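See below for the structure under consideration.
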Amino acid sequence: MKEHNPVKSNTYKSSQNFDGEYEVIIIGGGVVGTSIAREFSRYNLRISLIEKEDELSFGVSKANSGIVHAGIHSRAALLKEKLCARGNFLYNQLKSELGIPFKRVGELLVVKEGEDVNELLKFKSMGEENGVPGLKILSREEIREIEPALSKEIIAALYAPSAGVVNPYELVYLLAQNAIKNGVEIKTGEEVISINDRIVQTTKGKYKTQFIINAAGLFADRISNMVGIFDFKIVPRKGEEYLLDKKLRGLVSHIIFPLPSKNSKGTLVIPTLDGTIMVGPSAHEIENKYDLKTSDDVCWQIFEKARQMIPAIHSKHLISTFAGNRPVPVSLKPISERTPAELNEDFIINATPVPGFINVVGIQSPGLTAAPAIAERVVEIVKEEGLELIPSQSFVAHLTPTKKLREMSDLELEKEVRENPDYGKIVCRCEMVSEGEMKQAIASGAKTLDGVKFRTRAGMGRCQGGFCSFRTIEILAEELNVSPLEITKKGAGSNILVADITHRKSN
Amino acid sequence: MDRKEVTSLKEFICIICPVGCKIKVDFELSSLSASGFASAPAIKSIHGFRCQRGEKYVQEEIINPKRTLTSVVSLKNGEMPMCPVRTSVPISKDILEEMTRNVSQLSVEAPVKIGEVLVKNIMGSGADIVVTRDLNRMIN
Amino acid sequence: MEKPIIVIGAGPAGLQVAISIVKNFQNKEGFFPPVIVIDREKHAGGILNQCIHTGFGLAEYKEELTGPEYASRVLQEFRQLGIELRLSTTVIRVDENKMVTTLSPHRGLEKINALAIIFTTGCRERARGVIHIPGDRPAGIYTAGLAQKFINIDGYLPGKRVVILGSGDIGLIMARRLTFQGAKVLAVLEANNFVGGLARNVVQCLDDFNIPLYLSHTITDIIGKNRVEKVKISRVDENMRPVWGSEFELACDTILLSIGLIPENELAEMAGVKLDPSTNGAVIDENYMTSIKGIFACGNALHVHDLVDKLAVEAKEVGKNVAEYVDLSIGNSSTKGSLEFNAGTSVNIDENIRYILPHKISGKKTVKFHFRVRKPLNDVTLRMGNFQKRFPYLLPNEMSSVTIPAEYFERIDGDYLELLAVKGVKKVKGKEEDSELIQSQIVREVKIWIEKKLPV
């Protein structure tokens, strides 16, 4: 398949008619795209990342379970499981370099009365084959000791200590921040509309590049089609998630998994990093990739399932609900001709017959876990394809951690407020977010209400923005120097306010 | 236009205070014309009110219902962007929406004091538009 | 340094409590500690500042004031008394030893050791997530109070075609406000078969503008990718389940939620104050003291009030009790021992009553109980021993009160006394409209009972 000639990074000299020239263009600003961008930024390359939404992480990465899986759910023969194991390992490094919000809380795969205990042995051996450390089968009594809130019906569990939880959107923002620091150009609110002979045309410009990395998530099939690749499609598989009140903090300390079904790992109980408990996700195929509805039926089912594991959970604890769609790759070949990987909905990460066009698609679960390993893999592929990679002398792997007011000690707070009085202005009282942090989020790229929310947690608490969204809009308008009428919830068309009731002119 | 005798039994919920008395009125519309009531309707019976204001409210509600208008106007150079206002007395319900539109066009320069009159006898209604809050100039 | 009395929240409750405390001090002998009122906002007055409509202060000032006017009146008295007010100051922590930690841009971090604390932190609106409204999550879904802030404080309209879910007072008021500003309010939906807000607001906010009110209806789907495009609405049965076949759609760009208020008690909880799950407010004794000695609660932080006037009465009472408590604890009182704090007799309710305050009484003091019923009840008589009070009706959207003089408690025999609410059954005689209360058909409808502390 590698028919085309390797290209040197200095092939293109002319800049006629182009709005930019790069060695690598990455399409998609989720966790996969930003991981790849950061990985490439280790080398002397001109890199651009293009995201169609107004902010990074607003696709698949924003709405998922936030789990860094141990890797016990399928065999190492599959690429996704191989990269999952490696990715899980790489999270240590990500945490130390970028200060990402990540904690290895461990997972428990539980078996209820009436289910087959031997199933656990199957998952244990698969995990061991995948190199998952510390796996252990726990008895009823041992489980009760480490997870007292579990139902009495639970008779055994497989314990995997290396599983963890991460804030997926924060991870994306930190990856991007580091990538930008190392020279990556990030374009948001810009959609790729055609690709011809290594020229990428977007809604805002025309760019020349040597390599195109298709990390477009749910829309990766559309991007592939632009270069004439039609052998798969992306089917959205919806997952609804239900967030519970912080009053339940400490109720559950591990991620609780039931025995998995054919197309999902089941409804989980997840102790999130923010101290809330999340239950979900559901799993059902839908048609519209933008369909992020939640429904009463699913809500009811999820609580029913979650309560079978943790009876103390109740729908009255609900504070927020969201849905996300998994980008499931479906081969368009006849079933009899499909490879095991295709039958198992494996990741598709390869150089395609189209010169310079690399697919990184179908990155559903455990894609968040695998992302750092996927990035390594993509760099290898591009290298094999002939891109010359010269390590950058100026690459900085570390980010100076941003200060979060709610994590500061009294002494730190005192000092911070004296230096920057904006830290003394609490805007979101439920999550303790100051005006200073909001301004910082806006400076680092937030331009929508949700962008500020996902970077700072403002509006994620129990009042769900009832008190703070008003002030947040004002701050956004002041910092971006626009009218509050232009501020959106999540990008073009999602304006929050519709008209000025006065006839004032802007100052 | 023909005039006809109309009697009506109607229940009103008094809006004078939050108690919300249910007041039942049996009244005779002695002279109803197409343009409305030509004279005060004769109330045959009225009950259900707990205070005199309720009785007065219903009489007025039958003849010429009135409401107090409250809104906001733009405040220039103020510590807040808007300044709350009200009509000094209730005004006829018919002109409520039009007056609101007119009031929206107003603007005032900070500082303002509670009770300050912005427009006297607005639209000939007999009511003034009055500021309902002290607001200072923007500091800095 | 002298330990001050800290009032958290400078809304109507906080201001009135502070005024009352200081006034009560003035009537007593001796020196008293200062009162400091703290609020996170730039202005005092709390929610009153955005409630620009009239309807405030009728009982107190005999005038129909707007929210800001009412706040001004209270503030005037507050200032005359020279009470300290710290604005733009957020209380970030309160502990069980009454140490209050505050943060502000101008003073930084401060710790204040308080002699007494009064939580007047108000309430918040219930958001979409709490009741799970199915559908998309576009822009255009706001709580009614947030929409009120958008219009009245910043002067921006949040939508042009609006459906309001819930018939709470703020929702009704916003229906009118939006209409005034040129928006079209298409419907107000209420899942219950009764209105959540006051009757006067239905008349002057909906009826005046022919805005339809749909009782027993709710939203079953929200449609819209970026901004709300339409909603699906269904009738619901008595179990709040959508009735099949009753669904209809309305094209709109905005949904306002007026589905209830919840007392804000995160700080009180942090201090270890015990909360009543049915109000989300503190558990209090007859003096409005919480489970922690020297910590009081008042206003919407305690239970949601319909009227600021009723709240003002409560705040005055709380202020008096706080003054008494302070007087006792600094030891310059002549009225020593007149109040019994955290008495052990608890007040219980059955499932017909949503909540009752206070939760604990001493049995030695006349007590004004406040309560709310779960469903509308007609012709109810509350009884306790020889005490009796008749209510023509009790409505869930109206806070009800009953004052029981101390002597009725003294005659308690046995372990508890019941405060029974009995429902009179109407029987129509012939064609006459008048009805008669048939004693033999009295049904026990509501029960409040008071449990005496068992001797230890």
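So that the names make sense, note that chain A is the first sequence line, chain B the second, and so on, each numbered from 1. Quick note: numbers below take in every heavy atom, side chains included, and nothing from hydrogens, waters or symmetry partners. Just so it is clear, the structure is predicted and the values come from calculations on it, not from any experiment.
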Among [options], who wins on heavy-atom pairs under 4.5 Å with chain A?
| options | result |
| --- | --- |
| C:Thr143, C:Asp136, C:Thr102, C:Ile92 | C:Asp136 |
| C:Pro138, C:Pro242, C:Ala147 | C:Pro138 |
| C:Ile151, C:Asp253, C:Ile153, C:Val130 | C:Val130 |
| C:Gly135, C:Gly140, C:Ser88, C:Gly159 | C:Gly135 |

If you round to the nearest 0.5 Å, how far is [atom2] of [Y] from [atom1] of [X]?
| X | Y | atom1 | atom2 | answer |
| --- | --- | --- | --- | --- |
| A:Ile501 | C:Tyr156 | CD1 | OH | 10.0 Å |
| A:Ser409 | C:Leu109 | OG | CG | 9.5 Å |
| C:Asp154 | A:Leu497 | CG | CG | 8.0 Å |
| A:Gln464 | C:Arg126 | CD | CZ | 13.0 Å |
| C:Arg124 | A:Cys430 | CZ | SG | 6.5 Å |
| C:Ser104 | A:Ile426 | OG | CD1 | 10.0 Å |

Report yes if the side chains of [X] and [Y] come closer than 4.5 Å at any heavy-atom pair, otherwise no.
| X | Y | answer |
| --- | --- | --- |
| C:Leu103 | A:Val417 | yes |
| A:Ser469 | C:Leu146 | yes |
| A:Lys247 | C:Glu269 | yes |
| A:Phe470 | C:Gln50 | no |
| A:Asp410 | C:Lys111 | yes |

Proximity breakdown for [X] and chain A, heavy-atom pairs closer than 4.5 Å:
| X | answer |
| --- | --- |
| C:Leu257 | neither |
| C:Arg93 | side chain |
| C:Glu110 | neither |

What are the two closest non-hydrogen atoms of C:Ala139 and A:Asn495, and how far apart are they? CB-O, 3.7 Å

Shortest non-hydrogen separation from A:Gly424 to C:Pro105 and the atoms involved: O-CD, 3.4 Å

Go through A:Thr321 and C:Arg137 one step at a time and tell me if the side-chain contact (heavy atoms from CB on, under 4.5 Å) criterion holds. CA-CA 9 Å; A:Thr321 310; C:Arg137 254 160 294 279; 4.1 Å; yes

Does C:Arg40 reach the main-chain N or O of A:Val427 with its side chain, forming a donor-acceptor pair under 3.5 Å? yes

Considering only heavy atoms and a distance below 4.5 Å, find which of A:Arg429, A:Lys489, A:Met432, A:Lys490 pairs most often with chain C. A:Arg429

For chain C, find which of A:Thr294, A:Leu243, A:Ile473 contributes the most heavy-atom pairs closer than 4.5 angstrom. A:Thr294

Where on [X] is there a heavy atom nearer than 4.5 Å to chain C: the side chain, the backbone, both, or neither?
| X | result |
| --- | --- |
| A:Ile496 | both |
| A:Thr448 | neither |
| A:Phe467 | both |
| A:Leu244 | neither |
| A:Glu474 | side chain |

Name, in order of residue number, those residues of residues 221-231 of chain C that have a heavy atom at a distance of less than 4.5 Å from a heavy atom in chain A; otherwise write 'none'. C:Asp221, C:Ile222, C:Ile223, C:Lys225, C:Asn226, C:Arg227

Ring pair (Phe, Tyr, Trp, His ring centres under 6.0 Å): pairs with one or both residues in residues 120-151 of chain C, sequence neighbours excluded: A:Tyr242-C:His132, C:Tyr142-C:Phe150

Crowded around A:Glu407 CD? As in, over 12 foreign heavy atoms under 6.0 Å? yes

Would the number of heavy atoms belonging to other residues, nucleotides or ligands and lying under 6.0 Å from NZ of C:Lys160 be above 12? no

Any Lys/Arg nitrogen of A:Arg462 or C:Glu266 sitting under 4.0 Å from an Asp/Glu carboxylate oxygen of the other? yes

